[in-house]
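Below, chain A is the first sequence line, B the second, and so on; all start at residue 1.
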Amino acid sequence: MTKQTSPNNIRKEIEDITSRSYRDIASVLPKDRMPIGFFCPLVPEELIHAAGALPFRLMGTSVPITHAQAHLPPYCCHLVKASLESLLQGELHFLRGIVFCQTCDSMQGLSDIWARQGIVPSQFNLMIPTHLDSEHARPYLRAEMERFKYFLESNVGKISLRKLKDSIRLFNHIRERLSEIYSLRRTLSARIPGAYFARIIRAGYWMDRIRYLELLEGLVDSLPKQTEGSDSLIPIYLTGNMAHADTYFSLIEDAGAIVVRDDLCSGARTFRLMVAEDRDPLEALTERYFQSFFCPTKYLGPQAHRDILLQEVADSKAQGVIFLLYKYCEACFFDYPDLKSALEAKGISTLLLEVEDPVQSKEQLKIRIQAFVEMLSPL
Amino acid sequence: MNETSNPYREIHATAAYRRLMIAYYFMVKHAAWFGKKVAWITSGGPVEPLYAMGVLPFYPENYGAMCGASRMSVSLCEAAEQRGYSRDLCSYALTDIGSNLTGKGPLGVLPKPDFLVCANNICGTVIKWYEIQARALNVPVFFLDTPFIHDEIHDHTLRYVEKQMEGYIAFLERQLKRPFSEKRFYRVGARSLTAIRLWKEIIELSKNHPAPFPAFDAFIHMAPIVTLRGTRWAVRYYRKLKKEIEKRVEQGKGAFAREEIRLIWDNIPIWYDIRNLSKMLSSRGAVLVGDTYTSAWAHEQMEGAPSLAGFARSHATIHLNLGLEYKIKKMIELVEGYGAHGFIMHSNRSCKSYSIGQYDIKREVSKATGRPGLIIEADHTDARSYAPKQVEKQIQIFLEIIREKEQS
Ligand code: SF4
Ligand code: SF4
């Protein structure tokens, strides 16, 4: 471990970048890579990175909506509203490009509204197929990947085979390290408290990825391999279309529980996106979307979401599942009743947290999380 | 503003329309008596292959509109909400889920499907909705994935949809255990194209002043173009309707005695308030002469001889699957083509795919045409999200603005 990757320095670096608003983040981003924004892990960061750009994920901030309502009706999720608000408030001027991909109706609408503002110089719509168990979706997605590659090469830089393979390896390593930290955290929660953990994840969507991997490796090395035992915390599985935010992780821990696994957009869904390294890279990037259930906006058969959730919850040994859903997210709310019933049929308790602006609803969430954890605690 | 009576001219074909829809629903409800299978299908789904295979389509969305118009939706939505579904979800879906759970609604117990056909060319909602019903009813579902077209359509997208169309045929052959007859498909396809052409011609007759067949009539008489597209019934019915409407044009008669303000409507109708709105507008001399909703069934891409590739293209490029720039252009064409004085946009909280972008459309269309637009908030079937008094007030003020503008 170098001085630069001592636990204190790692923490400082992570805390620094994740404390910044969009407005003052540009100064700490790597100078040699142009930031290209994206929303959804379905966008292959590997390709953006291989072109020489910095994939920069927009995860929604807590921002009062004052401009976006001139373009969006009230019944859009906060991620959509807040992202447009940040754009209109001039917080995203540092982005040199933005990539949307086909997910939900609100995002599709946002993409067109975004393009009309003409603020971010280039924009691309990556149309990931929705029918991910159709044999015809593969060649289609492969062609979309080619189209995306062409866009990046025209707007950022040439993507050589070697660069793409390097990027794939880099992102695979990041995912492996994150998975490892997830597993270690169960027993080392005191070393990586929830709020810090959420920031570790978030930092990985903004900072230089080579540096990020160094930090993750430093972090893993600094952790004892022995368990320290934190069995008193109630294991929770967290699911929803949200990115990691300190608030939930600390609220859950303060209540005496711990998130042992998740199915969040920025968490396990991303870990599942491992790319095979022994084949043609574009083909491997295409193939990964067909391997396991990914997101409720995608279709892998009527039972896919239920099956993967039941399996993952069982593997995680979680006692309860928290659904953390953005209000107005159709994909999630359509799935919710059947998922809840399936979990409860297996004896797993569930809690639904519906949030508009995540940070604004903290107090109300706190009480509900406490009550839920108490219900799960042994009498 | 003068608020006087404004007699409405009944369409004589309405009696034939009622008989047609009663017969259609009777057949779907009792499909087994006729030795038919039933498929539930989304409104943008490819229905022609179903008719070619002798399968009866049932449209939960059309049924949702019926529940809305008969003011039965709210209790059905509430039944779905009891089961844990959020009130924020599309009320067509909630109505269908509620009907299925309770067996209630204007048709009573819904016709049990043998399989489901879902195309996401209208929205992402239907994927989730049909997944739920596939689980609840334990039936197979065919899903036609039509990537959204923000600007241009790419060859690989067309190929993708075409390949799936072939997959659809194979799916139907498996479900029905008999081969697909291309000959029958071409016959059905030809009838479908004829009905679409007729429908287009009928709604465009309202470009005449006064409008002989305004949007409120089109909202009602559109049911066969959705549910019976590809059948002789639809062709026969629309020929009859067209004749009658053409006659009105020859005689210079509009649907209303007085037509002073011509308006375009955007989005799905507010089914439970159609009558009131129509009355309220017409009493002030205003008529909705055209709309984006019913004209979506006049597929512009559906030209030439029927073919699977042609159907793939037309299904991939329907109104709701196209981006904002297209929608702006379409609205401008409607406002100009129908000589409208303004337009009303229904911001429909149920339907994000239709409603997101309306604020930009309104601005751009007004800029391009010099015609004002009004956005009203409602939901197509769930009356709980509608404040009629407030909407009425907004419309009154809007009409006054138009009148002042026209007089100056
Ligand atoms: S949270 Fe849901 S509604 Fe919002 S962008 Fe994601 S999928 Fe769409
Ligand atoms: S969301 Fe809109 S397009 Fe989709 S089913 Fe509902 S009303 Fe129809």
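The shortest side-chain heavy-atom distance between A:Tyr140 and B:His154 does not fall under the 4.5 Å cut-off. A 4.5 Å side-chain heavy-atom check between A:Gln117 and B:Asp360 finds at least one atom pair inside the cut-off. Using a 4.5 Å cut-off on side-chain heavy atoms (C-beta onward), A:Arg116 and B:Glu364 make contact. Looking only at side-chain heavy atoms (C-beta outward), B:Asp88 and A:Glu354 come within less than 4.5 Å of each other. Looking at heavy atoms from C-beta onward, B:His156 lies out of side-chain contact with A:Pro139 at the 4.5 angstrom threshold. Contact check for A:Asp335 versus B:Glu131: side-chain heavy atoms found under the 4.5 Å cut-off. Annotation: side chain of A:Glu135 is not in contact with side chain of B:Lys163 (no heavy-atom distance under 4.5 Å).
Once rounded to the nearest 0.5 Å, the distance linking CH2 of A:Trp114 with CG of B:Leu324 reads 15.0 Å. Going from atom OH of B:Tyr85 over to atom CZ of A:Phe333 covers 13.0 Å, rounded to the nearest 0.5 Å. Between atom CG of residue A:Asn125 and atom CD1 of residue B:Ile149 there is a gap of 11.5 Å, rounded to the nearest 0.5 Å. Within the model, atoms CD1 of B:Ile127 and OG1 of A:Thr297 stand 7.5 Å from one another, a figure rounded to the nearest 0.5 Å.
Residue B:Ile328 touches chain A through its side chain alone, counting heavy-atom pairs closer than 4.5 Å. Heavy atoms of B:Ala136 lying under 4.5 Å from chain A are absent altogether. Interface residue A:Arg147: only side-chain heavy atoms are found under 4.5 Å from chain B. Interface residue A:Tyr336: only side-chain heavy atoms are found under 4.5 Å from chain B. Both the backbone and the side chain of A:Glu144 come within contact range of chain B, with heavy atoms under 4.5 Å apart. For A:Thr103, no part lies under 4.5 angstrom from a heavy atom of chain B. Proximity to chain A is absent for every atom of B:Ser385, based on heavy atoms less than 4.5 angstrom apart.
Side chain of A:Asp105 to main chain of B:Gly124: a donor-acceptor pair is present (N/O by atom type, distance under 3.5 Å, no hydrogens or angles). The closest donor-acceptor contact from the side chain of B:Lys128 to the backbone of A:Pro296 lies under 3.5 Å. In this structure a side-chain-to-backbone donor-acceptor pair under 3.5 Å is missing from A:His136 to B:Val161. At distances below 3.5 Å, at least one donor-acceptor pair connects side-chain atoms of A:Glu330 with backbone N or O atoms of B:Cys90. In this structure, the side chain of A:Gln102 engages the main chain of B:Phe148 through a donor-acceptor pair within 3.5 Å.
Comparing B:Gln358, B:Arg159, B:Glu325 by how many heavy-atom pairs each has under 4.5 Å with chain A, the most go to B:Glu325. Options A:Ala331, A:Ala115, A:Ser134 differ in how many heavy-atom pairs under 4.5 Å they form with chain B, and the most are formed by A:Ala331. Between chain B and the options A:Ala137, A:Cys104, A:Cys76, heavy-atom pairs under 4.5 Å are most frequent for A:Ala137. For the set B:Thr146, B:Leu94, B:Ile97, B:Asn348, the count of heavy-atom pairs under 4.5 angstrom toward chain A peaks at B:Asn348. No other option in A:Arg142, A:Lys327, A:His131 has as many heavy-atom pairs under 4.5 Å with chain B as A:His131.
The nearest pair of heavy atoms linking B:Tyr359 to A:Ala70 is CB-O, 3.2 Å. Of all the heavy atoms in A:Pro302 and B:Val141, the pair that sits closest is CG-CG1, 4.2 Å. Listed here is the closest heavy atom pair of A:Pro129 and B:Tyr160: CB-OH, 3.5 Å. Closest heavy-atom contact between A:Gly109 and B:Ile356: CA-CG2, 3.8 Å.
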### Message
side-chain contact (heavy atoms from CB on, under 4.5 Å), that's the test. Do B:His150 and A:Ser111 meet it? Break it down for me.
### Response
CA-CA 8 Å; B:His150 286 279; A:Ser111 167; 3.7 Å; yes
### Stepwise side-chain contact (heavy atoms from CB on, under 4.5 Å) test for B:Arg135 and A:Arg306
CA-CA 11 Å; B:Arg135 286 193 295 268; A:Arg306 190 197 65 174; 5.6 Å; no
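Note: A:Tyr299 and B:Phe143 have perpendicular aromatic rings, judged against thresholds of 30 and 60 degrees for the angle between ring planes.
Counting non-hydrogen atoms of other residues, nucleotides and ligands closer than 6.0 Å to CD of B:Gln82 gives a total of 12 or fewer. Few gaps surround NZ on B:Lys112; more than 12 heavy atoms of other groups in view lie less than 6.0 Å from it.
Residues B:Ser347 and A:Tyr75 have side chains that bring a donor and an acceptor to within less than 3.5 angstrom of each other.
Between A:Asp338 and B:Arg83 there is a salt bridge, since a side-chain N of the basic residue sits under 4.0 Å from a carboxylate O of the acidic one.
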